[in-house]
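Below you'll find the structure, written out as structure tokens, and then a few comments.
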Amino acid sequence: MIEHVLVTGGCGFIGSNLVDKLIEQKQPVICLDNLDNFYSKERKLLNIQTAEKSDLFTFIEGDIRDKSSLKRVFENYKIISVIHLAAKAGVRPSIETPSEYFDVNVTGTLNILEMMQKFNVKKLIFSSSSSVYGNNVKIPYHENDNVDFPISPYAASKKSGELLTHTFHSLYGIDVINLRFFTVYGPRQRPDLAIHKFFKLLYANEPIELYGDGSTSRDYTFIDDIVTGIISSLTKLNNKQNIYETINLGNHSPITLIELIDLIEKTTGLTFKKNHIPMQQGDVDRTYADIEKASSYINYTPKTSMNDGLKLFKQWYEKTMV
Ligand SMILES: NC(=O)c1ccc[n+]([C@@H]2O[C@H](COP(=O)([O-])OP(=O)(O)OC[C@H]3O[C@@H](n4cnc5c(N)ncnc54)[C@H](O)[C@@H]3O)[C@@H](O)[C@H]2O)c1
């Protein structure tokens with residue numbers, strides 16, 4: 001039987017970029033995704049258009065909340081590792097529908113872990129988030145910092161996921177790397193995220209909403225660097241036994257909202273119209289990754305500057321969205 005990596009949420013932004021890279025490296029992939037309505041289903045199907053040309057790729061439309069269809073996936077295919085990206089993402093909408101976030105991000109993650117235990121699959125990468133750090137005062141954020149103070153249901157659901165992966169590591173010896181992603185951007189980025197949203201409004205000549213005084217900052221990390229970090233983590237997992245690690249994947253180079261706006265204007269040659277509005281509940285003031293552990297443990301070095309990353313985003317945006 002062919003050995004597959006199961007990528008949950010493989011039609012999404014990070015998932016589809018990862019799947020393309022795995023296929024390029026000749027790794028058979030099962031992509032499980034329910035094409036949820038957080039954003040356009042058509043966009044998600046476009047994301048996997050290239051992968052679908054390969055015999056190494058299998059797409060299964062299914063929901064991680066549905067245990068019986070999840071079981072069929074594990075029965076019908078030989079899964080050797082799982083990269084679990086499926087989730088309801090986004091901080092602000094999680095405040096509106098917290099129980100949905102917990103159903104998918106916590107119960108869904110528990111279902112994946114139960115299947116892994118049942119079918120003796122021992123290698124898991126879990127997609128966590130910088131949001132678990134809440135409004136950590138100490139910067140940069142280090143993996144050993146206390147993350148018991150989330151300020152959104154989304155952040156709490158990701159922290160809960162980390163607790164579950166530890167539980168199953170401890171009980172059943174599932175090897176785990178939790179990756180805490182820091183604001184990822186690049187081609188196929190989710191439309192609700194700042195850079196994508198800003199390009200859309202800029203090209204439509206509509207005003208953007210500028211939260212607070214624009215001094216909040218984010219450690220924007222380019223998608224190719226994130227994909228490289230995920231694949232290095234998978235290699236590490238496959239080559240080592242009995243591991244449970246949590247690793248930041250960030251850029252270690254935060255920029256403020258004002259600086260981001262300035263950089264986008266320079267990249268596009270256009271000028272934003274701005275509406276100033278108060279800071280939103282649940283949003284953290286800053287994110288800033290300490291990436292020493294990623295560097296020493298999985299040899300991770302982010303290579304894409306914000307200037308280059310925005311140019312690549314612009315190329316993709318103009319080709320596919322305008
Ligand atoms: N993009 C970021 O900046 C960022 C930062 C930190 C963490 N993350 C995490 O990384 C992962 C991927 O994020 P993304 O930005 O690619 O989001 P995305 O929304 O583009 O991708 C998530 C995918 O999961 C699928 N999905 C949702 N609910 C599902 C369910 N019940 N069953 C099966 N599939 C389901 C969606 O259809 C989507 O294709 C998520 O777990 C997210 O929380 C992302």
Side-chain angles (χ1 to χ4, degrees), residues 8-9 11-15 32-39 44 63-67 70 83-114 124-137 141 143 145-168 176 178-185 189-197 209 211-212 216-221 226 246 248-250 257 277-289:
T8 70
C11 299
F13 162 41
I14 298 175
L32 176 73
D33 197 301
N34 73 342
L35 305 172
D36 85 338
N37 61 5
F38 187 54
Y39 62 94
K44 290 178 186 176
D63 196 311
I64 57 168
R65 288 168 293 188
D66 174 2
K67 277 174 103 168
L70 208 49
I83 304 177
H84 177 37
L85 302 170
K88 285 206 98 59
V91 167
R92 285 174 213 150
S94 77
I95 298 171
E96 308 301 319
T97 56
S99 57
E100 259 182 56
Y101 275 69
F102 270 68
D103 277 350
V104 177
N105 298 3
V106 184
T107 308
T109 298
L110 181 59
N111 292 343
I112 295 282
L113 285 161
E114 280 189 34
L124 171 69
I125 290 175
F126 172 66
S127 57
S128 188
S129 161
S130 61
S131 64
V132 299
Y133 290 104
N135 263 330
N136 211 15
V137 176
Y141 298 169
E143 291 87 346
D145 293 346
N146 189 338
V147 290
D148 284 338
F149 307 100
I151 62 165
S152 69
Y154 170 71
S157 75
K158 286 291 171 183
K159 161 82 186 189
S160 307
E162 292 184 0
L163 296 176
L164 284 173
T165 60
H166 187 268
T167 309
F168 276 68
V176 178
N178 297 314
L179 294 175
R180 291 180 179 161
F181 302 143
F182 282 66
T183 324
V184 190
Y185 75 103
Q189 192 195 27
R190 290 195 338 250
D192 61 303
L193 289 173
I195 293 174
H196 192 148
K197 211 163 61 181
E209 289 180 335
Y211 300 114
T216 55
S217 57
R218 293 286 177 273
D219 200 8
Y220 294 99
T221 312
I226 292 286
T246 297
N248 289 338
L249 283 190
L257 186 53
I277 61 165
M279 276 286 287
Q280 302 289 292
Q281 255 197 331
D283 279 0
V284 298
D285 297 336
R286 68 178 77 78
T287 63
Y288 185 177

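Only this structure's heavy atoms are used, side chains among them; waters, hydrogens and symmetry mates stay out.
With D219 contributing its side chain and G250 its backbone, the two residues share no donor-acceptor pair below 3.5 Å.
Every residue two or more places apart in sequence or in another chain that forms a salt bridge (Lys or Arg N to Asp or Glu O under 4.0 Å) with R190 is listed here: D192. Among residues two or more places apart in sequence or in another chain, the salt bridge (Lys or Arg N to Asp or Glu O under 4.0 Å) test is passed with K67 by E114. For F38, the ring-ring contact (aromatic ring centres under 6.0 Å, His included) test picks out no residue, with sequence neighbours left out. Checked against side-chain contact (heavy atoms from CB on, under 4.5 Å), P191 has the following partners two or more places apart in sequence or in another chain: Y39, H196. Applying the side-chain hydrogen bond (donor to acceptor under 3.5 Å, both in side chains) criterion to T287, with sequence neighbours excluded, gives no partner residue. Residues forming a salt bridge (Lys or Arg N to Asp or Glu O under 4.0 Å) with D145 (at least two apart in sequence, or on another chain): K138. Checked against ring-ring contact (aromatic ring centres under 6.0 Å, His included), Y141 has the following partners two or more places apart in sequence or in another chain: Y133. Residues forming a side-chain contact (heavy atoms from CB on, under 4.5 Å) with D285 (at least two apart in sequence, or on another chain): N135, M279. Looking at residues two or more places apart in sequence or on another chain, you find no ring-ring contact (aromatic ring centres under 6.0 Å, His included) involving F13. For T8, the side-chain hydrogen bond (donor to acceptor under 3.5 Å, both in side chains) criterion is met by H84, not counting sequence neighbours.
Atoms CG and CZ, from L257 and R218 in turn, are 8.5 Å apart once rounded to the nearest 0.5 Å.
Within the structure, the salt bridge (Lys or Arg N to Asp or Glu O under 4.0 Å) test picks out the following pairs touching residues 148-165 (sequence neighbours left out): D148-K159, E162-R180.
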Please list every donor-acceptor pair under 3.5 Å in which a side-chain atom of residues 101-108 meets a protein atom from a residue at least two apart or in another chain.
{"unit_1": "Y101", "atom_1": "OH", "unit_2": "A89", "atom_2": "O", "d": "2.7"}
{"unit_1": "Y101", "atom_1": "OH", "unit_2": "G90", "atom_2": "O", "d": "3.4"}
{"unit_1": "N105", "atom_1": "OD1", "unit_2": "K88", "atom_2": "N", "d": "2.8"}
{"unit_1": "N105", "atom_1": "ND2", "unit_2": "K88", "atom_2": "O", "d": "3.0"}
{"unit_1": "N105", "atom_1": "ND2", "unit_2": "S157", "atom_2": "OG", "d": "3.1"}

Check your understanding: Which is it for I112 and I64 under the side chain to side chain contact (heavy atoms under 4.5 Å, CB included) test, yes or no, and what are the steps along the way?
Key -> CA-CA 7 Å; I112 295 282; I64 57 168; 3.9 Å; yes
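Relative to the ring axis of Y211, R92 places its NZ or CZ within 45° and under 6.0 Å from the centre.
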